[in-house]
Structures are given as C-alpha cells and as structure tokens.
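Step one of this worksheet: look at the structure below.
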Amino acid sequence: MSDAPKTSGMTRLRNYFLTGFVVCAPLAITAYIAWSFIGWVDSWVKPYIPARYSPDTYLPFPVPGFGLIVALILITLIGFLTANIVGRAIVGFGERLLGRMPLVRGIYGSLKQIFETVLSNKGDMFRQVGLVEYPRKGVWSLVFVASEKETEINQKLDQDGDPLIAVFMPCTPNPTTGFLMYVPKSDIVLLDMTIEDGAKLIVSAGLVAPEVKQMVVVNGEPIEGMLANPSIGALAQPARKSRTASSRPNK
C-alpha cells in the first residue's frame, strides 16, 4: 500500500520531466543553431568593417548580429546593382573571367545552377512526394519527384506511354544526401502529402507522420475526417443511435 503513492509520484515527475524536455529541447537546439550561424557570419564580416563604423569599438561588449545585418545590406545592394545594365555587364565580365579557370569554372557553374534552381520561382523544384519499390519488390521507399523534362536519358530509354522521371530518394535522417534515380512513371505511387511533410517524415525516421484525411461514412453520407482512433465514447454513442426497430431482436 505504501509503495503505490511513491510509484505514482515518481511517474508524474518523470512525465513532467519528459514534457518539459520535449518543450525545451527544440527551443534550445533552434537557439543554438541560430546563435552559431550569427556568430559564423560575424566572424567573416566584422574583420572587414572599419573600426570607426563598428559598434564594438565604442561599446564595452560585442554586438552580436551586426555583421549579419551588414552582410544582408551588402547582398541586397549587390542584387540592386546587378539588376541594371552596368551591373549585368560587370557580372558578365566576372563570369567570363571565371570561365577561363579550369577548376573554378566547374565549381562556380554547378553552384550557380543549384542556387538558381532552388531560389527561383520557376517551379523547377520537387513537385510531389511518391513511393518507389526499392531496394526490392514489396519494400517501398519515399522519394521526391522532380518535374518532367526531356533529357538525353529520356531520348535513349523512354518507352511509349511510360516516360522516365527523375526522383530523388533521400537518406534518413539527413535528407540532403541520397540517390538520384530515373524511374518509369508507372512505377511511382504519388502521395498527397507536401514536400515539407515528406521531409519531416524522413528526418524523424517515420515518427512524425502527417495526418491523413479519409472519407468517413456516417448515416450514408461521406464526410472528411482525420485518420485516428476514436474514443470509446465516440464509438459507443453512434452505436446506440444506429439501432433501429428493424435491427432489434424479436421478443
């Protein structure tokens, strides 16, 4: 009898700790990543700021984030200058100069194409989440489906009515690495979840799954609902209402 309250109290303390950990851990990790990023940018930018323009010269403590603000202003100014004719001419001259360097031109060209694809609004990013049977039949892997484009691979391997589509199969828990595969369109099972939900599913190793909408039939009328286990009361209440005179046993 005396052990029951102690066990119950320890269980509550453990639940309180786990609840607090779930709340504090994401906040702490987010703050750490943000603070590290600000410090990394400051360490690159602040050494090039003249001392008379830096607030660290006049204050007894360093101002975090000042280098990040200066970097954002400079990047915006460069973008503004690049939008006019003179800026485009300067950028074109610099790109031609880099194009003459054997090693640098490959790195610069690849990085520029990646950033233009990621940051552009042309819809060239992954457009849908799908499933592909990999690494064997009966085992399904989550993939990000790219937009359909006519490439040399399609010209050589496409079959009539079933083109090849580029899909990216990310690895868990780091979705930035993975495999690029060309899969027949008929072998891809498209999903309704968004790209963000798919990324969460991969990062969490399947623990954080998006809610699934399903059509629930109530009294012969379909309604949209979330796929979840209903409570006991919710199960019991419709059961009492659904009994009619025709379904009751004859006395």
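Sequential numbering from 1 along the given sequence is applied to the chain's residues.
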Rounded to the nearest 0.5 Å, what's the gap from [atom1] on [X] to [atom2] on [Y]? Could you check?
X	Y	atom1	atom2	answer
Phe66	Ile49	CZ	CD1	5.0 Å
Leu81	Leu74	CG	CG	10.5 Å
Ile33	Trp40	CD1	CH2	14.5 Å
Tyr182	Asp158	OH	CG	10.5 Å
Tyr53	Tyr58	OH	OH	9.0 Å
Leu164	Gln159	CG	CD	7.5 Å

Under 3.5 Å donor-acceptor, [X] side chain and [Y] backbone:
X	Y	value
Ser141	Tyr134	yes
Glu133	Gly138	yes
Arg88	Ala83	yes
Asn15	Thr11	yes
Ser36	Tyr32	yes
Asp42	Gly67	yes

Practice task
Scan Val189, Val167, Leu191 and name whichever one has a side chain to side chain contact (heavy atoms under 4.5 Å, CB included) with Val129.
Solution key: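 Of the listed residues Val189, Val167, Leu191, the side chain to side chain contact (heavy atoms under 4.5 Å, CB included) partner of Val129 is Leu191.
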Handout entry: Partner of Pro184 by side chain to side chain contact (heavy atoms under 4.5 Å, CB included), out of Leu157, Ile165, Asp162
Key = Asp162
Validation row: [X], [Y] side chains within 4.5 angstrom (heavy atoms):
X	Y	result
Val41	Phe37	yes
Met169	Leu180	no
Ile188	Leu131	no
Leu98	Arg105	no

Near [X] [atom1], under 6.0 Å, is it more than 12 heavy atoms from other residues, nucleotides or ligands?
X	atom1	value
Lys185	NZ	no
Ile85	CD1	no
Asp192	CG	no
Phe168	CZ	yes
Trp140	CH2	yes

Return the minimal non-hydrogen interatomic distance between [X] and [Y], and the atom names on each side.
X	Y	answer
Pro170	Leu142	CD-O, 3.6 Å
Phe179	Cys171	CE1-SG, 4.1 Å
Pro173	Val203	CB-O, 3.5 Å
Ser204	Val208	OG-N, 2.9 Å
Ile202	Pro175	CG2-CB, 4.3 Å
Asp56	Val63	OD1-N, 2.9 Å

Problem - In one Ile/Leu/Val/Met/Phe/Trp/Tyr side-chain cluster, 4.5 Å: Ile107, Leu97 - result: no
Handout entry: Shared hydrophobic cluster for Ile38 and Trp44 (ILVMFWY, side-chain gaps under 4.5 Å)
Key =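 Same cluster: Ile38 reaches Trp44 through Ile, Leu, Val, Met, Phe, Trp or Tyr contacts under 4.5 Å.
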Problem - Verdict with reasoning, Thr177 to Asn174, per side-chain contact (heavy atoms from CB on, under 4.5 Å) - result: CA-CA 6 Å; Thr177 61; Asn174 182 13; 3.7 Å; yes
Practice task
Just do the side-chain contact (heavy atoms from CB on, under 4.5 Å) check on Ile195 and Phe144 with the steps written out, would you?
Solution key: CA-CA 7 Å; Ile195 300 296; Phe144 295 146; 4.3 Å; yes
Problem - Presence of salt bridge, Glu95 and Lys112, under 4.0 angstrom - result: yes
